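Note that the coordinates shown come from a computational prediction; the quantities given were computed from them, not determined experimentally.
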Amino acid sequence: MRAAISQLPASKIREVANAGMGRSDVLPFWFGESDEPTPEFVREAAAASLSRGETFYAHNLGLPELREAIARYTSSLHPAVAPERIAVTSSGVNALMLAMQALAAAGDEVVAVVPVWPNLTAQPAILGASVKRVSLRAGSGWTLDLDQLRGAVTERTAVLLLNAPNNPTGWTLTRAEQQAILDHCRRTGTWIVADEVYERLYFGEGAQAAPSFLDIAMADDRVVVVHSFSKSFLMTGWRLGWLVAPADFIADMGKLIEFNTSCAPVFVQRGGLAALAHAGEFVPALVQRLKTCRDTLVPQLAALPGVRVANPLGGMYAFFRVEGQNDSLAFAKRLVKDAGLGLAPGAAFGDEAEGWLRWCFASKDPARLTLGVERLRQALAGLAL
């Protein structure tokens with residue numbers, strides 16, 4: 001086993017979840033997924049595909065009709081994107097890894113804005129690239145020091161990794177920040193890999209989606225935007241995603257997909273087609289439900305003594321810290337054991353997030369969030385004794 005693999009840290013979120021799985025008394029808010037099942041119209045489309053016997057290989061880049069549907073969907077939110085710029089992948093994380101395989105070689109430098117979902121920084125490390133971390137700053141909300149980022153991204157930087165809206169903090173890039181970053185990366189020749197899987201889970205007034213690099217980049221810019229069906233369509237277990245990139249990049253991407261997964265399963269792609277066909281009604285309703293969940297949870301957390309939390313502009317997470325609790329993994333395990341409350345430890349997202357906890361508020365019943373806050377309140381009262 002290569003040292004880069006054997007030295008990868010195990011998932012601290014899984015470590016906490018493993019301590020509570022099988023306990024019916026635990027409220028689980030640790031994973032980044034809703035407790036609502038995939039909508040019936042998606043499940044029915046996939047079942048119909050299986051009934052038709054669609055169990056064979058598909059095109060490496062995805063069913064032509066799905067690539068066309070993704071292009072139409074993307075173009076409804078951003079400037080027009082052609083199907084030739086779309087590759088269908090076996091999940092969003094697969095799309096991210098494919099982008100890394102295409103762009104980051106052993107010895108290359110990758111810059112990542114953190115804290116972030118750990119898979120993003122693990123992938124270049126697996127490939128032998130070095131990862132330079134630029135940390136967001138915690139205040140009344142999370143902010144990015146643009147000067148610090150520009151100083152970190154140089155002509156030696158092969159890839160800049162960005163996730164916005166961000167998991168775990170909810171931080172979201174502004175249009176001005178995106179333009180400044182794109183301008184700088186054009187000068188340095190750095191590729192931008194933008195994880196925008198939470199773009200529709202955005203609570204900005206009157207906006208269909210969070211600001212995207214697709215709004216400002218030219219078709220041939222060194223920009224790869226990664227998406228997934230997991231979050232906006234409640235399809236986490238289906239493992240279906242896509243990426244948008246320059247057309248010549250996509251032409252070679254088919255080879256990488258062949259050597260990784262060959263293709264996404266056809267019946268899963270049929271489910272994706274059904275999801276996109278209903279996106280106009282389903283996604284806004286989901287976002288409204290998530291906003292209700294956010295607006296239920298965050299004020300209640302903020303009212304607890306010693307709790308510091310910012311209102312997230314995007315995503316499905318409340319990221320908070322409790323005064324005096326600096327070992328987030330130990331604290332999260334204690335909350336499972338003593339309070340029946342399952343949260344993700346901030347340490348799972350890097351040293352920059354140590355002392356914080358992530359609470360996924362994607363719940364079909366906001367009352368469960370209130371019950372969870374009550375369990376946290378009682379746990380904190382016990383710590384004060």
Judged by atom type as modelled, is there a donor-acceptor pair below 3.5 Å linking the side chain of Thr74 to the main-chain atoms of Ile70?
-> yes
Hey, could you give me the OG1/CG distance between Thr89 and Asn60, rounded to the nearest 0.5 Å?
-> 12.5 Å
Between Phe213 and Asp221, is any pair of side-chain heavy atoms under 4.5 Å apart?
-> no
d(Leu376 CG, Leu369 CG) to nearest 0.5 Å is 12.5 Å
Under 3.5 Å, is there a donor-acceptor pair between the side chain of Thr157 and the main chain of Thr154?
-> yes
Salt bridge (charged side-chain N to carboxylate O under 4.0 Å, His left out): pairs with one or both residues in residues 250-279, sequence neighbours excluded | Glu54-Arg270, Glu65-Arg270, Asp252-Lys255
Arg308 versus Trp356: any side-chain heavy-atom pair under 4.5 Å?
-> yes
From CD (Glu33) to OG (Ser230), nearest 0.5 Å = 9.0 Å
Would you please indicate yes or no on a ring centroid separation below 6.0 angstrom for Tyr198 and Trp117?
-> no
Heavy-atom distance under 4.5 Å between the side chains of Arg222 and Thr190, does that happen here?
-> no
Go through Leu335 and Leu357 one step at a time and tell me if the side chain to side chain contact (heavy atoms under 4.5 Å, CB included) criterion holds.
-> CA-CA 11 Å; Leu335 288 174; Leu357 294 167; 4.1 Å; yes
Does any non-hydrogen side-chain atom of Ile257 lie less than 4.5 Å from one of Val88?
-> no
Please step through salt bridge (charged side-chain N to carboxylate O under 4.0 Å, His left out) for the pair Arg368 and Asp35, ending with a clear verdict.
-> CA-CA 11 Å; Arg368 293 179 71 252; Asp35 56 16; 2.9 Å; yes
Mind checking whether Tyr317 and Phe349 have ring centres under 6.0 Å apart?
-> no
State whether the side chain of Arg294 and the backbone N or O of Leu313 hold a donor-acceptor pair below 3.5 Å, judged by distance alone.
-> no
Cationic N near anionic O, under 4.0 Å, Lys12 to Glu15 = no
From Leu8 atom CG to Gln123 atom CD, the distance as rounded to the nearest 0.5 Å = 10.5 Å
Min side-chain heavy-atom separation Asp183-Arg187 under 4.5 Å | yes
Describe, in one word, how the ring planes of Trp191 and Phe249 are oriented to each other, choosing from parallel (under 30°), tilted (30 to 60°) and perpendicular (over 60°).
-> tilted
Please answer whether the main-chain N or O of Ala104 pairs with a side-chain N or O of Asp108 as donor and acceptor at a distance below 3.5 Å.
-> no
Counting N and O atoms only, with roles assigned by atom type, does the side chain of Arg85 sit under 3.5 Å from a partner on the main chain of Ala245, one being a donor and the other an acceptor?
-> yes
Identify each donor-acceptor pair in which a side-chain atom of residues 137-144 lies under 3.5 Å from a protein atom, sequence neighbours left out, and give them as a table.
from   : atom 1 : to     : atom 2 : distance (Å)
Arg137 : NH1    : Asp145 : OD2    : 3.3
Arg137 : NH2    : Asp145 : OD2    : 2.7

Mind checking the CZ-CZ spacing from Arg358 to Phe31? Nearest 0.5 Å is all I need.
-> 9.5 Å
Dump the intermediate steps for side chain to side chain contact (heavy atoms under 4.5 Å, CB included) on Arg175 and Ile216, then the final yes or no.
-> CA-CA 9 Å; Arg175 174 72 71 245; Ile216 57 174; 3.5 Å; yes
Donor-acceptor contact below 3.5 Å, side chain His78 vs main chain Leu214 = no
So do Leu201 and Ser232 actually touch side chain to side chain, heavy atoms under 4.5 Å?
-> yes
Any donor-acceptor N/O pair, Asn163 side chain to Asp195 backbone, under 3.5 Å = yes
Could you tell me the separation between the CG atom of Asp248 and the CD atom of Glu84, rounded to the nearest 0.5 Å?
-> 12.5 Å
Check ring pair (Phe, Tyr, Trp, His ring centres under 6.0 Å) between Phe29 and all other residues, then give those that pass, not counting sequence neighbours.
-> Trp359
